[in-house]
Amino acid sequence: MFQTELLSVRRVKGKVVPSFLWPDSSDHAAIVIGLFQESTGIRRSEIERKVRNVETQYSNHKAVRGLAELMTRKCYFESPSKLDARSVRRFLFTRAIKTPLNEESRKKMLAAAAEHFATTVEDVDNAIYGDKESEAILRDIEKVKPEKLCLEYNREMVETILMKAVSMSVQVETGWRDFLRVVKRLGLMFSVEQEGDGVGSVTVDGPLTMHQNTMRYGERFAKLFRHIYAGDSWKIEAKVRLKRSGSSEVLSFYLDSGSSDLFPAVERYSEPMPSFQWVESWEPQPVVNGQKVYFPDLSVKIGDKTYLVDISRPVYSGMNSERDPLLREKGIPWVTVYALDQGEKPVKGAVNLSMPIRWESLYFALQREIPGGVKHRNKEIKNSLLDREIPQAELEEIRQAVEERFPDPDLITEYLESRGYVPSRILPVLGYRIRWKGLSMEIRKKG
Amino acid sequence: MTEKSSGGILEYRNGLLVLSGFSGRVPQYFVRDERIQAYSSPAFRYSEAVSELEGVDDRVFPEREKIELSDVEGLRSYQKEAVRQWASNSSRGIVVLPTAAGKTHIGLAAISRLKCPTLVVAPTIELVRQWRERISMMFSVEVGMLGGGEKEIQPLTVSTYDSAYLMAEKLGNRFRFLLVDEVHHLASEQFMQIATMFASPYRLGLTATLERTDRLHESLQLPMGGKLFEMGYEELSDYLADYRIVRIPVDLSIEEQIEYDENRRKFLSYLRKHRFAMRGPWDFERFIMSSWTPEGREALVAWRRAREIAFSSRTKIENVRYVLSRHPGGKVLIFSEDTDTAYLLSREFLFPAITYLTPAKERKEYLDMFRSGEVRALSASRVLDEGIDVPDASVAIVISGSGSSRQFRQRLGRVLRPSQGKKSVLYEIVAKGTSEFRTSARRRKGVPDRTSVSTEG
């Protein structure tokens, strides 16, 4: 995302239209890349001055500055001195309690510092603010072609527009699940519009949107853009608030997959989910009930029954408490689990888990809480989990792997977690016990 | 006849009050939110909501938590009156007092009076740390802090505006008392969400300069409770250090003047050609918006360059040297409008510079060094305009600034903390023959006229 001042758009009849750079016709990118390539060995402040000079020669100065911003991110800068700037400052400032009021006394102090740090006066002078960004010297630049830089610029421009969005409506043909997972994780809210038997579009906004046209969630909308345009077919319609002469106006912003070629290629993000025998699917089919479409996050097998699990946030508890009984009345085995942020109050009478969710905890919680589910004491659960869930051969394989890593608690923990196990639960079953010394874990063999 | 109401739950969720299962007349500031199948309202309406929603199960705040706090002694008469008026206004409202008049003391008295979980919000990390130290010293309690890399919550917690804004969704029902220092900043669109997303029934705003040129301070009335107490410099002169303002007009060097005039001419001819009149901030914004053409861009660059020359003219630096030589034992704060000048002074005279770029740890270190006398001068861009408390700082030099009388009052306030026999002086170094001369006259309108013009500079 760029800073707002780099936002380059046109306003046409209530719509906001970004000024994109067309990779095959824009010469801005080549000029900016050239400027940086010629600047190795010079100070960042000097490069910025050169960029300002170039800006004045082009009508779209914002494009020049935006491209320069992208190039700056590809640069490797180094301090002009090897000395630690903060130590140099401290040395000088504490010795200069009597402020040097002429050049001679200033030089004396710099000379004393040079002696102390075993270097030259010039090096000390360079080091005083050598850790300031503007003082840094350009050493190297990541290679990039002008066409690619234009595409990156365009993506940043869309994200900068979405930063100003108050709500956004999205259509994607595939990949709803991952998209909605990200929406929920960002603390945004969504409502689904049905089209036939499937999803038409999803409107995304935030809790406060009902009360004010706030841009509070803009940064989160912007973060969604990379998830959206990674797909083949997509569409965005957003309400964007932009300032004009001291007041602001709400404009509409539209973009669809016809523009995909204007952005750098990106792989669709798909969250890798662990494999558990009790998880039937991480992508169960959406449930259509009348006019509404619901997206369960996973389906699980508890005992011999399959349940659809929706991982929700407490802000939806009112809606869910009306939805869930209706779905169950229709025979849909629907369970809502609330993911709680730090300090967030649990929803009464529901399954509540802390974020990030540990999937094993979800299994135990479901076992305990599902109506008619198996109720166990903790110890029984642990053993029954191992008896039922882990085949003997796998258990032996884990036992051997742990033995090889014993007694290093970090290696053992890393291995078990990579296999999807909670060390504190499985280790006792494998014949180990855990002792805590402060925050350090010690793993010992039983007996 | 009022409709009979019953049941219902009132909860706090993500900056909102959420009302569900209530059968009765729902106040009009609640809106039906179909996304959650319940009514919701901005959280700041909490006090009204609980009094209007008869019989509702109020689950907004956790259990009522009472904190053992000692009483605050030694309030001056006007401070006592401010606290009394605030308390009789349902513990809501804004107190306006000049810098150095002891607003923090009023805040501490309010905290002590309510004895409930409190969040103190201040705009800079220095002020936040200062509040933390003052609260901790006054009540001998652990004080939590949000901002500057810290994230610790205690019943009494201090926070930067930024952290309070970012965490409002989660913290809005943790503190019954919201105390906002330099409350005029709260009136920006972004920070106003602190006021609206917190459910705190008790609120106190403190400031020396409530009025904003954009008039947004008027929007504080509803969420904070409006201005209820105000006193100015003249009424409090017995409690503030004696001060004088010395204006030092300086000539630019010949080269600087030629370059200044050239750039200024470019800027002004653009304004004339496009019929721009500069009457206020909006006009300037209009000019910036228009500067997308190469010609407009050139005018903007010329304006910036002229400003740079006026701000950090070599003759100004020489005058700083002169003023420093006049106060060899004094503690001197030098204010500039831009960061470059602050660093230029730091390099030249080898004292610390504090700007928005200075890391939080280093800022604290320099302020501690300044307070203890380990360093005797500090240059600062706008970040130290407000709030830092160094009672024995007695000399301020304004090398550049905006035309804002608020900023000028705040800067003056930095050297007005009273101490035995203290006589403070603020030097204002202004470049002759530049637009800065008019800017300086504008900003001084905000303080009583005690200005003399130095001819020595």
Side-chain angles (χ1 to χ4, degrees), chain A residues 5 8 52-53 55-62 86 89-90 92-102 106 109-110 125 128-129 132-134 187 189-191 205-208 210-212 214-216 243-246 248 313-323 341-345, chain B residues 11-16 18 20-21 31 33-38 40-42 59 62 153 169-171 173-174 189-190 193 196-197 214 281-282 285-286 288-289 291-294 297-298 301 321 324-325 328 332 343 346-353 357 362 365-366 369 373-377:
Chain A
E5 62 194 46
S8 180
R52 279 200 296 274
N53 282 343
E55 270 175 44
T56 53
Q57 296 160 27
Y58 288 90
S59 58
N60 191 354
H61 68 272
K62 289 183 180 179
R86 201 168 162 193
R89 285 197 290 272
R90 197 171 167 85
L92 287 168
F93 296 161
T94 48
R95 272 157 189 79
I97 185 161
K98 190 165 179 298
T99 307
L101 293 176
N102 55 51
R106 182 178 181 272
M109 282 179 195
L110 293 183
D125 217 352
I128 297 178
Y129 284 109
K132 248 183 85 193
E133 270 186 3
S134 58
M189 300 183 79
F190 65 90
S191 44
D205 51 27
L208 282 186
M210 285 295 294
H211 300 277
Q212 44 182 286
T214 176
M215 293 185 290
R216 184 178 182 89
K243 272 195 173 173
R244 181 173 241 176
S245 302
S248 63
R313 303 273 292 122
V315 69
Y316 290 105
S317 61
M319 181 182 78
N320 294 344
S321 65
E322 294 189 15
R323 173 198 65 184
D341 222 337
Q342 204 184 357
E344 203 163 30
K345 280 206 282 187
Chain B
E11 291 177 287
Y12 178 86
R13 299 275 181 217
N14 299 19
L16 295 174
V18 175
S20 52
V31 173
D33 186 344
E34 291 303 331
R35 300 169 307 172
I36 56 173
Q37 304 279 305
S40 68
S41 140
R59 297 184 190 168
I153 295 169
E169 281 155 331
K170 292 177 192 167
L171 297 183
N173 66 335
R174 299 282 289 274
E189 183 184 326
Q190 178 181 332
Q193 289 185 11
T196 56
M197 292 176 79
D214 56 15
W282 303 130
E285 196 176 310
R286 227 157 48 82
I288 298 269
M289 302 277 282
S291 65
W292 59 272
T293 61
R297 194 73 194 149
E298 202 185 349
V301 170
R321 197 186 302 281
L324 289 170
S325 72
V332 185
Y343 286 117
S346 169
R347 290 186 96 116
E348 182 84 19
F349 299 110
L350 303 179
F351 49 60
L357 297 168
E362 217 173 331
E365 183 186 341
Y366 292 156
M369 284 162 76
E374 214 176 332
V375 299
R376 304 202 68 87

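Order of the sequence lines sets the chain letters (A, B, ...), proteins ahead of strands, with each chain counted from 1.
The contact between B:Val301 and chain A is made entirely by side chain atoms (from C-beta outward), counting heavy-atom distances below 4.5 Å. For B:Glu189, the part lying near chain A is the side chain, with the backbone staying farther off; criterion is any non-hydrogen pair under 4.5 Å. Using a 4.5 Å cut-off between heavy atoms, A:Met210 contacts chain B through both its backbone and its side chain. Of the two parts of B:Leu16, only the side chain, counted from C-beta on, holds a non-hydrogen atom closer than 4.5 Å to a non-hydrogen atom of chain A. Residue B:Gln193 touches chain A through its side chain alone, counting heavy-atom pairs closer than 4.5 Å. Neither the backbone nor the side chain of A:Glu133 has a heavy atom closer than 4.5 Å to any heavy atom of chain B. B:Tyr12 does not touch chain A: none of its heavy atoms, backbone or side chain, sits under 4.5 Å away. Contacts between A:Lys98 and chain B at a heavy-atom distance below 4.5 Å are absent for every atom of the residue.
When the candidates A:Asn320, A:Thr94, A:Ile128 are compared by the number of heavy-atom contacts under 4.5 Å with chain B, A:Thr94 comes out ahead. Among B:Glu298, B:Arg59, B:Met369, the residue with the largest count of heavy-atom pairs under 4.5 Å with chain A is B:Arg59. Interface summary for chain B: among A:Ser191, A:Ser321, A:Gly206, A:Ser317, the most heavy-atom pairs under 4.5 angstrom belong to A:Gly206. When each of B:Pro328, B:Ser40, B:Ala353 is checked for heavy-atom pairs under 4.5 Å with chain A, B:Ser40 comes out on top. Top candidate by heavy-atom pairs under 4.5 Å with chain A, chosen from B:Ser41, B:Ala377, B:Gly373, is B:Ser41. Between chain B and the options A:Arg52, A:Arg90, A:Lys62, heavy-atom pairs under 4.5 Å are most frequent for A:Arg90.
For the 3.5 Å distance criterion, the side chains of A:Tyr129 and B:Ser346 qualify, holding a donor opposite an acceptor.
Rounded to the nearest 0.5 angstrom, A:Thr99 OG1 and B:Glu348 CD are separated by 11.5 Å. The structure places CZ of B:Arg13 at 9.0 Å from OG of B:Ser20, a figure rounded to the nearest 0.5 Å.
Contact detail for B:Leu357 and B:Tyr343: the closest heavy-atom pair is CB-OH, 3.6 Å. When all heavy atoms of B:Leu350 and A:Phe93 are compared, the closest pair comes out as O-CD2, 3.3 Å. Across all non-hydrogen atoms, the minimal contact from A:Met109 to A:Pro100 is SD-CG, 4.1 Å. Closest approach of A:His61 and A:Glu55 over heavy atoms only: CB-O, 3.5 Å.
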Might you work through the side-chain contact (heavy atoms from CB on, under 4.5 Å) test for B:Thr196 and A:His211, ending with a clear yes or no? CA-CA 10 Å; B:Thr196 56; A:His211 300 277; over 6 Å; no

side-chain contact (heavy atoms from CB on, under 4.5 Å) between A:Arg216 and B:Met197, intermediate numbers included: CA-CA 12 Å; A:Arg216 184 178 182 89; B:Met197 292 176 79; 3.5 Å; yes

